[in-house]
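Notes for the one structure printed next.
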Amino acid sequence: MTSSSAHSFAISARPRRALGPLAAALVASSFALGCAPAEDEPGERALPGGLPVALARAELWRAAPPAEGQGPADGGGPKVMCGERDLRVEGSSLEVSTAECDHAVLRQPALADLARGDELTVWVWWSTLDAPEPATGRLRLFLGPDEVWQESVAIPGRADLREVHVRSPADLPAGAPITFVVSNHGANAWTLGEVVVRKAE
């Protein structure tokens, strides 16, 4: 991302204690049931009472070619792109298996309108990470062309969970692309939970 966009949004990522895949899935499922009603329609900004609405859904993510700035991280030799066979929907979350690939670009159209300053909440977690030699995994989230969150994760490493809060740096209409990128080394599993949005106060 450019230096100007790097300062155009507020970010908060809360690390959690290490969780097994089942525990993490249960936490994310509970969050989704309480915060992302299934009846949301594209173009909605918020429900009565200020409840968040879904910006993305697990079953709608698709493997896609990388746009500019979304390609594999530098270094580490040739990159194998993940495809649909490497994705698995589990309830309200999407697991990316890197057993046969090491870079995934997942994309879907936004299900709701975003205004500058609207707050997104994203849950991301991963199982115990392993690789033939020490490496770094990288997770990134884009709203349209804007990178709004990224995190580097040491491999090998323990299972962990992130509750990420970001503010939209710009208006984004329903239907605009949302992109989640995973760069990985080794046969690991990374999971993206629901992405929800609250209207700015």
Side-chain angles (χ1 to χ4, degrees), residues 1 11-32 55-67 69-108 120-143 147-166 177-196:
M1 87 183 111
I11 256 186
S12 169
R14 303 180 195 171
R16 302 294 190 187
R17 292 183 180 179
L19 297 174
L22 178 59
L26 290 174
V27 170
S29 296
S30 298
F31 172 81
L55 189 65
R57 294 196 188 283
E59 66 273 16
L60 299 181
W61 290 109
R62 295 291 182 269
Q70 298 175 0
D74 293 336
K79 299 295 187 294
V80 178
M81 298 296 296
C82 299
E84 298 296 328
R85 68 184 182 280
D86 304 302
L87 311 180
R88 183 174 64 178
V89 175
E90 295 185 340
S92 60
S93 63
L94 180 75
E95 180 184 275
V96 181
S97 171
T98 58
E100 298 181 6
C101 59
D102 55 17
H103 189 80
V105 176
L106 310 177
R107 190 171 294 127
Q108 70 170 279
L120 280 72
T121 302
V122 185
W123 285 59
V124 182
W125 63 94
W126 50 90
S127 303
T128 300
L129 301 172
D130 197 12
E133 57 186 29
T136 301
R138 190 180 182 198
L139 305 172
R140 306 166 73 191
L141 180 68
F142 294 81
L143 298 177
E147 183 176 17
V148 296
W149 173 71
Q150 68 167 281
E151 180 165 345
S152 295
V153 183
I155 305 174
R158 66 181 188 178
D160 214 343
L161 168 71
R162 294 289 184 270
E163 178 186 346
V164 179
H165 297 273
V166 299
I178 306 171
T179 307
F180 180 62
V181 179
V182 177
S183 292
N184 169 83
H185 296 279
N188 298 306
W190 306 83
T191 304
L192 175 64
E194 287 213 13
V195 182
V196 299

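Only this structure's heavy atoms are used, side chains among them; waters, hydrogens and symmetry mates stay out.
- With rounding to the nearest 0.5 Å, the separation of CG in Leu60 from CG in Leu106 is 12.0 Å.
- Contact detail for Ala131 and His185: the closest heavy-atom pair is CB-O, 3.6 Å.
- Side-chain atoms of Val164 and Leu120, non-hydrogen and from C-beta on, never get closer than 4.5 Å to each other.
- Rounding to the nearest 0.5 Å places CZ of Arg138 at 12.0 Å from CD of Glu151.
- The heavy-atom pair separating Ala187 from Ala99 by the smallest distance is CB-CA, 3.7 Å.
- At least one side-chain heavy atom of Trp123 sits less than 4.5 Å from a side-chain heavy atom of Leu161.
- Enclosure of atom CD in Glu59 by more than 12 non-hydrogen atoms of other residues, nucleotides or ligands within 6.0 angstrom is indicated.
- Between the side chain of Asp160 and the backbone N or O of Arg162 there is no donor-acceptor pair closer than 3.5 Å.
- For the residue pair Ile155 and Gly137, the shortest heavy atom distance occurs at CD1-N, 3.6 Å.
- Taking all atoms of both residues into account, the shortest heavy-atom contact from Trp126 to Arg158 is NE1-O, 3.3 Å.
- For the pair Val181/Leu139, no side-chain contact is recorded, criterion being any heavy-atom separation below 4.5 Å from C-beta on.
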- Evaluation steps, side-chain contact (heavy atoms from CB on, under 4.5 Å), between Leu143 and Ile178: CA-CA 5 Å; Leu143 298 177; Ile178 306 171; 4.3 Å; yes
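- Taking Ala154 as the reference, nothing meets the side-chain contact (heavy atoms from CB on, under 4.5 Å) condition, with sequence neighbours excluded.
- Here the side chain of Arg107 pairs a donor or acceptor atom with the backbone of Pro65 at under 3.5 angstrom.
- Scanning all heavy atoms of the two residues, the minimum distance from Gly193 to Ser93 falls at CA-CB, 4.1 Å.
- Here the side chains of Pro66 and Met81 are in contact, with some heavy-atom distance below 4.5 Å.
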Which atom pairs, one a donor and one an acceptor, fall under 3.5 Å between side chains of residues 82-89 and the rest of the protein, sequence neighbours left out?
residue : atom : partner : partner atom : Å
Glu84   : OE2  : Ala63   : N            : 2.8
Asp86   : OD2  : Gly83   : N            : 2.8
Arg88   : NE   : Glu90   : OE2          : 3.0
Arg88   : NH2  : Glu90   : OE2          : 2.8
Arg88   : NH2  : Glu95   : OE1          : 3.4
Arg88   : NH2  : Glu95   : OE2          : 3.1

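- Using a 4.5 Å cut-off on side-chain heavy atoms (C-beta onward), Thr121 and His165 make contact.
- Contact check for Trp190 versus Thr98: side-chain heavy atoms found under the 4.5 Å cut-off.
- In this structure a side-chain-to-backbone donor-acceptor pair under 3.5 Å is missing from Asn188 to Ser127.
- The shortest distance between side-chain heavy atoms of Leu192 and Val96 does not fall below 4.5 Å.
- The side-chain heavy atoms of Phe180 and Leu94, taken from C-beta on, include no pair separated by under 4.5 Å.
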